[in-house]
Amino acid sequence: MFKYSSRTLLKATSSAAKPTVASIGSIRTKYSLPELDYKLDALEPYISGQINDLHYHKHHKTYVDNLNKSIESAVEAKSKGEVKKLVALQKAINFNGGGYINHCLWWKNLAPQSAGGGQVPSEDSALGKQIAQQFGSVDKLIEITNAKLAGIQGSGWAFIVKNKENGGQIEVITTANQDTVTDPSLIPLVAIDAWEHAYYLQYKNVKADYFKALWNVVNWKEAERRFEF
């Protein structure tokens with residue numbers, strides 16, 4: 001399960017709020033990798049254990065480490081009244097904070113098939129009913145999401161979200177690099193990593209195959225839970 005420090009400046013919440021200079025106080029906080037609900041090779045053959053090992057221990061850890069360093073530098077700069085340095089550090093906090101949040105969402109919205117990964121939402125669930133009403137089927141929503149993923153130039157993310165200000169409508173949005181969902185009215189249901197590090201060792205340059213395969217291990221139960229927010 002995911003565990004977080006009890007004294008945090010940032011949480012991977014449903015709204016996935018990004019840290020800002022204004023949120024930085026005098027407390028020095030250390031963030032750490034979330035504990036996973038499954039073993040790194042448990043998503044095979046769809047996502048290899050080797051990819052997950054590198055993704056988790058190298059890429060995600062780098063975002064965590066750099067977020068900690070950036071926050072510590074910002075706390076020091078604030079204590080010294082170094083406004084220009086605070087402004088300069090904002091980019092690093094946004095990038096690494098977004099990487100931290102996005103990957104926390106990513107690991108949680110995956111599950112081995114033995115634990116329900118790939119099982120589509122129940123037709124009786126609120127999410128299942130909303131998908132049927134808007135798209136007709138889960139397959140159509142997946143098709144739309146994969147088309148959005150294919151349209152990402154370079155690195156980025158795709159999110160299936162619930163729009164609370166639009167009657168709970170489901171939308172598919174994309175972000176560049178490690179930008180995350182900051183609009184409090186949008187609740188991320190599924191977050192999909194479209195960076196090369198998420199697939200290249202296994203799928204090489206055929207990222208479309210990766211986008212198709214990963215739905216076999218998407219944790220729709222987690223998406224159903226988030227839809228209730």
Side-chain angles (χ1 to χ4, degrees), residues 2 4 8-24 29 31-34 47 51 54-56 58-71 73-74 85-110 141-142 144-166 169-200 207-208 210-211 214 218-219 222-223 226-227 229:
F2 287 94
Y4 301 96
T8 60
L9 300 177
L10 162 67
K11 293 181 180 179
T13 62
S14 59
S15 60
K18 190 180 292 184
T20 64
V21 166
S23 70
I24 296 169
T29 303
Y31 295 98
S32 59
L33 287 172
I47 303 177
I51 285 179
L54 290 170
H55 201 167
Y56 180 74
K58 299 297 184 181
H59 294 281
H60 196 178
K61 186 176 185 300
T62 296
Y63 295 123
V64 171
D65 291 345
N66 287 339
L67 177 60
N68 285 326
K69 292 176 184 177
S70 299
I71 290 176
S73 296
K85 188 172 182 179
L86 277 174
V87 173
L89 285 165
Q90 183 66 70
K91 183 176 181 180
I93 292 173
N94 286 353
F95 180 77
N96 292 294
Y100 169 78
I101 290 171
N102 289 344
H103 283 89
C104 286
L105 292 169
W106 166 251
W107 298 118
K108 196 66 176 177
N109 69 211
L110 297 174
L141 175 58
I142 291 174
I144 291 170
T145 305
N146 282 353
K148 290 272 191 177
L149 283 162
I152 294 175
Q153 299 296 315
S155 301
W157 289 75
F159 298 87
I160 299 175
V161 300
K162 171 186 175 180
N163 190 334
K164 295 192 297 182
E165 292 191 354
N166 191 22
Q169 292 284 297
I170 294 171
E171 300 174 5
V172 181
I173 63 174
T174 60
T175 64
N177 300 314
Q178 288 299 346
D179 289 353
T180 192
V181 181
T182 57
D183 187 336
S185 67
L186 299 180
I187 306 299
L189 306 178
V190 176
I192 300 174
D193 193 341
W195 282 62
E196 283 191 346
H197 64 237
Y199 64 86
Y200 197 84
K207 62 181 180 180
Y210 158 68
F211 296 146
L214 68 86
V218 164
N219 185 355
E222 174 65 13
R226 294 179 190 169
F227 189 77
F229 290 167

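Basis for what follows: all heavy atoms, side chains included, without hydrogens, waters or symmetry-related copies. Numbers for residues simply follow the sequence, beginning at 1. Not measured: the values here are computed from a predicted model.
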**Q** So does Lys85 have more than 12 non-hydrogen atoms from other groups sitting under 6.0 Å from NZ?
**A** yes
**Q** If every non-hydrogen atom of Glu165 is compared with every non-hydrogen atom of Ser185, which pair is closest and at what distance?
**A** CG-CB, 3.5 Å
**Q** What's the shortest heavy-atom distance between Gln178 and Trp157, and which atoms?
**A** OE1-NE1, 2.9 Å
**Q** Check for me whether Lys207 meets the cation-pi criterion with Tyr199, that is, NZ or CZ under 6.0 Å from the six-membered ring centre and within 45 degrees of the ring axis.
**A** no
**Q** Kindly write out the residues that satisfy side chain to side chain contact (heavy atoms under 4.5 Å, CB included) with Asn66, not counting sequence neighbours, or none if the list is empty.
**A** Thr62, Lys69, Asn96
**Q** Kindly compute the distance separating CG (Leu110) from CD1 (Ile47), expressed to the nearest 0.5 Å.
**A** 5.0 Å
**Q** Supply the atom-to-atom distance Ile187 CD1 to Ile170 CD1, rounded to the nearest 0.5 angstrom.
**A** 12.5 Å
**Q** I need the full list of side chain to side chain donor-acceptor pair (under 3.5 Å) pairs touching residues 146-155, with sequence neighbours left out, sorted by first then second residue.
**A** Asn146-Trp215
**Q** Working to the nearest 0.5 angstrom, can you tell me the gap between Asp193 CG and Trp107 CH2?
**A** 8.5 Å
**Q** So, Lys164 side chain and Phe229 main chain: donor-acceptor pair closer than 3.5 Å or not?
**A** no
**Q** Between Leu141 and Val172, is any pair of side-chain heavy atoms under 4.5 Å apart?
**A** yes
**Q** What's the shortest heavy-atom distance between Pro34 and Tyr56, and which atoms?
**A** O-OH, 2.6 Å
**Q** Begin from the C-alpha positions of Leu54 and His197 and carry the test side chain to side chain contact (heavy atoms under 4.5 Å, CB included) through to its verdict.
**A** CA-CA 8 Å; Leu54 290 170; His197 64 237; over 6 Å; no
**Q** I need the Tyr63 OH to His103 NE2 distance, nearest 0.5 Å.
**A** 5.5 Å
**Q** Does any N or O in the side chain of Asn102 come within less than 3.5 Å of the main-chain N or O of Asp179, such that one atom is a donor and the other an acceptor?
**A** yes
**Q** Report the distance from atom CD1 of Ile51 to atom OH of Tyr200, rounding to the nearest 0.5 Å.
**A** 11.5 Å
**Q** Got a second to check how far Leu86's CG is from Ser73's OG, nearest 0.5 Å?
**A** 10.0 Å
**Q** Over all heavy atoms of both residues, which pair between Ile93 and Leu67 is shortest? Give the atoms and the distance, please.
**A** O-CD1, 4.1 Å
**Q** Write down the atom of Asn219, the atom of Lys108, and the distance for their closest heavy-atom approach.
**A** ND2-O, 3.5 Å
**Q** Shortest non-hydrogen contact from Val64 to Tyr31?
**A** CG1-O, 3.1 Å
**Q** When the ring centroid of Trp195 is compared with that of His55, is the distance short of 6.0 Å?
**A** no
